[in-house]
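Encoded as structure tokens, the structure appears first; notes follow it.
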Amino acid sequence: MKVPLIEIPIATREGIFLARYSENGLAELKFPQVGRARAANQEKAPAQIRGWQRLTEAALKNVLSGRAPKKFPPLDLVGTDFQRSVWNALRKTSCGKTKSYGEIAVAIGKPKAVRAVGGACGANPVPVLIPCHRVLAANGKIGGFSGGLDWKRDLLAREGIKI
DNA sequence: TCCGTATTGAACT
DNA sequence: AGTTCAATACGGA
């Protein structure tokens with residue numbers, strides 16, 4: 001059974017992101033949509049979620065400025081154990097650094113699962129905060145990005161990373 | 001069970 | 001230096 005998530009937009013210089021919260025924390029973060037980014041349930045947001053929203057907004061803007069966020073909201077990630085271990089490994093990639101899909105695979109103890117790592121990255125519900133954009137292919141190629149390669153290049157450039 | 005994947009590294013033009 | 005190709009783990013249908 002599925003509880004509707006509370007959606008709250010986050011305005012940044014880059015556009016309006018959309019955060020979705022469950023009762024346990026931030027569940028999804030979406031890039032600015034080309035079409036409409038309409039807020040739902042914002043009025044009903046409990047105080048707790050409004051607090052998370054503050055943290056999310058601050059963290060997001062820090063990353064967009066190329067800085068490491070001081071604090072993160074709690075995350076409520078839905079996925080398989082494998083995916084969560086990948087996402088967890090991704091969070092250890094500090095600002096200004098990059099890793100290859102292969103390195104992530106090694107980090108989670110499955111060195112051969114490089115392609116599956118790519119799949120898990122694509123399934124990442126919270127891009128930017130979970131820095132899937134800092135994962136490049138082994139030969140330094142850009143790889144891919146669910147929010148669009150322009151975003152990936154731009155985010156990397158803000159952290160001083162060249163491709 | 002089969003198919004696609006945000007990979008990789010080696011073997012070929 | 002560019003292209004093809006098999007190996008490989010996982011998730012969705």
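Model, not experiment: these values are computed from the prediction. A, B, ... follow the sequence lines: proteins, then strands. Residue 1 opens every chain.
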Rounded to the nearest Å, what distance is computed from the NZ atom of residue A:K110 to the C1' atom of nucleotide C:dC10? 9 Å
Provide the Watson-Crick or G-U wobble partner of C:dA13, both distances under 3.5 Å; none if there is no partner. B:dT1
What is the distance from OH of A:Y101 to C1' of C:dC10, rounded to the nearest Å? 16 Å
Taking CZ from A:F82 and C1' from C:dT8, how many angstroms apart are they, rounded to a whole number? 11 Å
Between C:dG11 atom C1' and A:Q83 atom CD, what is the distance in whole Å? 7 Å
Remember a base hit wins even if backbone is also touched, and classify A:A116 as base, sugar-phosphate or nothing at under 4.0 Å, heavy atoms. base
Taking the six-membered ring for Trp, are A:W151 and A:F31 parallel (under 30°), tilted (30 to 60°) or perpendicular (over 60°)? tilted
Answer with base, sugar-phosphate or nothing: what part of the nucleic acid does A:G119 contact at a heavy-atom distance below 4.0 Å? nothing
Can A:S146 and A:N124 be said to form a side-chain contact (heavy atoms from CB on, under 4.5 Å), step by step? CA-CA 9 Å; A:S146 56; A:N124 173 14; over 6 Å; no
Spacing of A:R115 atom CZ relative to C:dA6 atom P, expressed in whole Å: 12 Å
For a 4.5 angstrom cut-off between non-hydrogen side-chain atoms, does A:N24 reach A:P74? no
Measuring from the side chain of A:C132 (C-beta onward, heavy atoms only), which nucleotide among B:dA6, B:dT7, B:dG9 has the closest atom? B:dA6
Provide the Watson-Crick or G-U wobble partner of C:dT8, both distances under 3.5 Å; none if there is no partner. none
Closest non-hydrogen contact found for A:A59 with A:K71 is CB-O, 3.7 Å
Rounded to whole Å, please give me the gap between CZ in A:R84 and C1' in C:dC10. 15 Å
So, is A:T80 close to the C:dG11 phosphate, meaning a side-chain N or O under 4.0 Å from OP1 or OP2? yes
Atom CG of A:N124 and atom P of B:dA6: how far apart are they, to the nearest Å? 14 Å
Quickly work out the A:L149 CG to B:dA6 P distance and round it to whole Å. 10 Å
Smallest separation among heavy atoms of A:C132 and A:F145, with atom names: SG-CE1, 3.5 Å
